[in-house]
Amino acid sequence: MKTIPKIGCACEKPDHHYTEYRSSELGTDQTNGRNGEVTIQQCKLCQRIWIHYFVEYEHHSKSGRWYKGIVSKKDRLQITPENAVEYLESLDWYVYGGSFFESTGTFGQGKLNI
C-alpha cells in the first residue's frame, strides 16, 4: 500500500472544484469495456499530481462515479489508463464521489466500485 501524507491543501478536500487543477487527458481505460476516462490533474496551490478516473454508463441512471488519488512524479511515468484502477486501489486513501454514490466526494481506500 502506498502511503500518501495529507498536507492540508484544499485539493485534499472531497468537495474539490475542477478549476483548482491543471488537467491533461491520459486516455481511456478500455479494460473489460469500462471506458473510464483517465486524467492527470495538478493542484494549482500545492503542485501535487493527482490521477483522476471517471466512468459513467449512459444506459443506467445515476451511474457516474469518479476517483482521484495523489501520484508521485516518479510513479506518474508508470501510470497508464489500463493500470489507473490498480494504482488507485494501492493507495492508503483516495477521494471518490458521483451520482452513483449520491455524493460530491468522500475519502475511501481499497477496491474501486467500477
Side-chain angles (χ1 to χ4, degrees):
M1 183 171 289
K2 296 180 187 298
T3 303
I4 307 292
K6 292 182 181 176
I7 62 171
C9 183
C11 68
E12 294 170 346
K13 295 186 175 29
D15 59 347
H16 70 285
H17 195 266
Y18 74 93
T19 59
E20 297 168 354
Y21 303 93
R22 287 182 216 57
S23 297
S24 62
E25 289 185 30
L26 189 58
T28 302
D29 175 16
Q30 300 290 342
T31 306
N32 297 325
R34 290 193 287 230
N35 293 318
E37 300 171 15
V38 183
T39 308
I40 298 297
Q41 299 178 328
Q42 185 171 27
C43 177
K44 291 179 181 177
L45 295 173
C46 71
Q47 305 302 310
R48 285 188 299 177
I49 299 170
W50 294 79
I51 185 83
H52 185 271
Y53 191 97
F54 172 78
V55 66
E56 182 172 37
Y57 304 105
E58 294 179 8
H59 53 283
H60 292 293
S61 62
K62 294 190 174 186
S63 66
R65 59 202 90 177
W66 56 264
Y67 299 85
K68 71 173 194 156
I70 295 173
V71 60
S72 69
K73 288 182 181 182
K74 178 183 68 150
D75 287 342
R76 162 55 196 100
L77 299 175
Q78 312 307 316
I79 303 282
T80 66
E82 294 75 23
N83 70 15
V85 168
E86 180 183 0
Y87 179 82
L88 287 164
E89 290 176 343
S90 76
L91 299 174
D92 63 338
W93 65 273
Y94 53 74
V95 182
Y96 70 97
S99 60
F100 179 80
F101 302 109
E102 297 182 351
S103 169
T104 57
T106 191
F107 292 99
Q109 68 179 53
K111 191 126 177 89
L112 274 58
N113 188 350
I114 304 291

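At least one side-chain heavy atom of Ile40 sits under 4.5 Å from a side-chain heavy atom of Ile51. Side-chain contact between Val85 and Thr31: absent, with no pair of heavy atoms (C-beta onward) separated by less than 4.5 Å. Using a 4.5 Å heavy-atom cutoff, the side chains of Gln47 and Arg22 are in contact. Within the 4.5 Å cutoff, the side chain of Tyr96 has no heavy atoms near those of the Arg65 side chain. Proximity of Thr39 to Phe54: side-chain heavy atoms (C-beta onward) are nowhere separated by under 4.5 Å. A 4.5 Å side-chain heavy-atom check between Leu26 and Pro81 finds at least one atom pair inside the cut-off. Contact of the Leu45 side chain with the Glu20 side chain is not registered, since no non-hydrogen atoms from C-beta on lie closer than 4.5 Å. Counting heavy atoms from C-beta outward, Ile70 and Trp93 have side chains that approach closer than 4.5 Å.
Rounding to the nearest 0.5 Å places SG of Cys11 at 4.5 Å from CZ of Arg48. Lys111 NZ to Leu88 CG: the interatomic distance, rounded to the nearest 0.5 Å, is 12.0 Å. The distance from atom CD of Glu12 to atom CH2 of Trp50, rounded to the nearest 0.5 Å, is 6.0 Å. The distance from atom CG of Asn35 to atom CG of Asn32, rounded to the nearest 0.5 Å, is 11.0 Å.
The nearest pair of heavy atoms linking Tyr57 to Ile114 is OH-O, 3.4 Å. The shortest heavy-atom contact between Gly69 and Leu91 is CA-CD1, 3.7 Å. Between Tyr94 and Lys68, the closest heavy-atom pair is CB-O, 3.2 Å. Residue Gly8 comes nearest to Lys13 through the heavy atom pair O-NZ, 4.4 Å, listed as atom of the first residue, atom of the second, then distance.
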Pair Asp29-Tyr53, side-chain contact (heavy atoms from CB on, under 4.5 Å): steps then yes or no: CA-CA 9 Å; Asp29 175 16; Tyr53 191 97; 2.8 Å; yes

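In this structure, the side chain of Ser99 engages the main chain of Gly64 through a donor-acceptor pair within 3.5 Å. Between the side chain of Asn83 and the main chain of Gln78, a donor-acceptor pair closer than 3.5 Å is present. Under the 3.5 Å distance criterion, the side-chain polar atoms of Tyr21 are left unmatched by any main-chain donor or acceptor of Ile49. Between the side chain of Tyr67 and the backbone N or O of Asn113 there is at least one donor-acceptor pair closer than 3.5 Å.
Figure legend: cation-pi geometry between Lys6 and Phe107, with NZ or CZ positioned under 6.0 Å from the six-membered ring centre and within 45° of its axis.
Heavy atoms of other residues, nucleotides or ligands lying less than 6.0 angstrom from NZ of Lys44 number more than 12. Enclosure of atom CD in Gln30 by more than 12 non-hydrogen atoms of other residues, nucleotides or ligands within 6.0 angstrom is indicated.
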